[in-house]
Student: 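One structure, as structure tokens, below. Some questions next.
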Protein chains: 2
Amino acid sequence: MSIDSKKILTYQKEFGKQLKKIRLSKKMSQLDLAASCDLEKTSISRIENGRTNTTLKTMIIISEALNVNIYELFDFEI
Amino acid sequence: MSIDSKKILTYQKEFGKQLKKIRLSKKMSQLDLAASCDLEKTSISRIENGRTNTTLKTMIIISEALNVNIYELFDFEI
DNA sequence: CATAGGGTAAGCATATATGTCAACAATTAA
DNA sequence: TTAATTGTTGACATATATGCTTACCCTATG
């Protein structure tokens with residue numbers, strides 16, 4: 001039995017919230033973050049709102065720009 | 001200044017190694033894992049060998065099938 | 001009122017992850 | 001040898017992430 005898509009969406013949203021939380025703790029705007037990791041502000045917004053199923057590559061790029069270990073992006077309860 | 005693609009590939013490979021390590025610790029074959037999370041064995045192989053830039057959704061599905069928290073997939077040094 | 005900053009969103013193009021199927025290699029066992 | 005298990009790889013189709021542009025909504029500030 002496989003995981004249902006509702007749970008995936010919930011997880012995506014929580015991941016986005018966690019990203020936003022870390023970004024704000026660094027006092028960066030979405031534009032700041034986008035600029036410092038060469039991603040589009042549109043993409044940052046999509047990720048933070050759980051409207052996209054982001055990739056490992058993007059996670060790595062973002063965590064480097066935020067100066068956090070990537071697993072901090074997963075430091076939340078579901 | 002952005003992260004270089006060599007580092008991304010290195011990270012992908014390490015992620016794959018970590019996945020393989022966890023899978024083997026659970027005494028599962030790639031086929032076992034594929035079956036238990038309804039992914040293709042081809043996809044599991046591609047991920048474990050760092051030949052693909054996998055997604056959050058796939059990470060979630062795999063971590064559920066392995067009964068580990070998703071951040072365990074990132075418990076490695078780069 | 002206007003302007004600026006922060007964020008969201010639609011639309012389209014391009015790149016690529018995964019599904020799917022087939023083939024193949026290596027290992028183990030009979 | 002043959003057969004089974006495990007894993008890898010190529011090719012193609014489909015789905016979708018991101019780049020990119022434009023436009024919009026708020027809020028604050030002039």
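Here is how names work: the chains are called A, B, and so on, in the same order as the sequence lines, proteins then strands, and each is numbered from 1.
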Student: Find out whether B:Ile47 and B:Ile62 are in side-chain contact, i.e. whether some heavy atom of one side chain is under 4.5 Å from a heavy atom of the other.
Tutor: yes
Student: Using a 4.0 Å cut-off on heavy atoms, which residues in residues 13-21 of chain A reach DNA chain C? List them by number, or say none.
Tutor: none
Student: Which pair of non-hydrogen atoms, one from A:Glu72 and one from A:Ile22, has the smallest distance, and what is that distance?
Tutor: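 Taking A:Glu72 first and A:Ile22 second, the nearest heavy atoms are O-CD1, 3.7 Å.
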Student: For A:Gln30 and C:dG5, is the shortest distance between a side-chain N/O and OP1 or OP2 below 4.0 Å?
Tutor: no
Student: Take a 6.0 Å sphere around NZ of A:Lys17 and say whether it holds more than 12 heavy atoms from other residues, nucleotides or ligands.
Tutor: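 It does not: A:Lys17 NZ has 12 such atoms or fewer within range.
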Student: For the pair made of NZ in A:Lys26 and P in C:dG6, what is the distance, rounded to whole Å?
Tutor: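 After rounding, the reported distance stands at 19 Å.
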Student: Honestly curious: do A:Ile78 and B:Leu73 fall in one hydrophobic cluster under the side-chain, below-4.5 Å linking rule?
Tutor: yes
Student: Anything under 4.0 Å to a heavy atom of chain A counts; send over the first and last such nucleotide of DNA chain D, read 5' to 3'.
Tutor: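 Reading along DNA chain D, I get D:dA17 to D:dT21.
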Student: Can you classify the ring geometry of B:Phe76 versus B:Phe15 as parallel (below 30°), tilted (30 to 60°) or perpendicular (above 60°)?
Tutor: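 Because their plane-to-plane angle is over 60°, the rings of B:Phe76 and B:Phe15 count as perpendicular.
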Student: Roughly how far, to the nearest 0.5 Å, is the NZ atom of A:Lys41 from the CG atom of A:Leu31?
Tutor: 6.5 Å
Student: Rounded to the Å, how far apart are A:Met28 CE and C:dG5 C1'?
Tutor: 16 Å
Student: C:dT18 C1' sits how many Å from B:Met59 CE, rounded?
Tutor: 14 Å
Student: Are there more than 12 heavy atoms of other residues, nucleotides or ligands under 6.0 Å from atom NZ of A:Lys26?
Tutor: yes
Student: Is any side-chain heavy atom of B:Met59 less than 4.5 Å from a side-chain heavy atom of A:Leu56?
Tutor: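 Sidechains of A:Leu56 and B:Met59: in contact.
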Student: How many whole angstroms separate atom CD of A:Glu40 from atom C1' of C:dG7?
Tutor: 14 Å
Student: In residues 41-52 of chain B, which residues come under 4.0 Å of DNA chain D by heavy atom?
Tutor: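 Residues of residues 41-52 of chain B that come under 4.0 Å of DNA chain D are, in numerical order, B:Lys41, B:Thr42, B:Ser45, B:Arg46, B:Asn49, B:Arg51.
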Student: So does A:Lys6 get a backbone contact from the side chain of A:Asp4, meaning a donor-acceptor N/O pair under 3.5 Å?
Tutor: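 Yes.
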Student: Heavy-atom distance under 4.5 Å between the side chains of A:Thr52 and A:Ser43, does that happen here?
Tutor: no
Student: With nearest nucleotides of DNA chain D determined for B:Ser29 and A:Thr54 from heavy-atom distances, which residue corresponds to the more 5′ nucleotide?
Tutor: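 So the residue in question is B:Ser29.
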Student: Any donor-acceptor pair under 3.5 Å linking the side chain of A:Arg23 with the backbone of A:Met28?
Tutor: yes
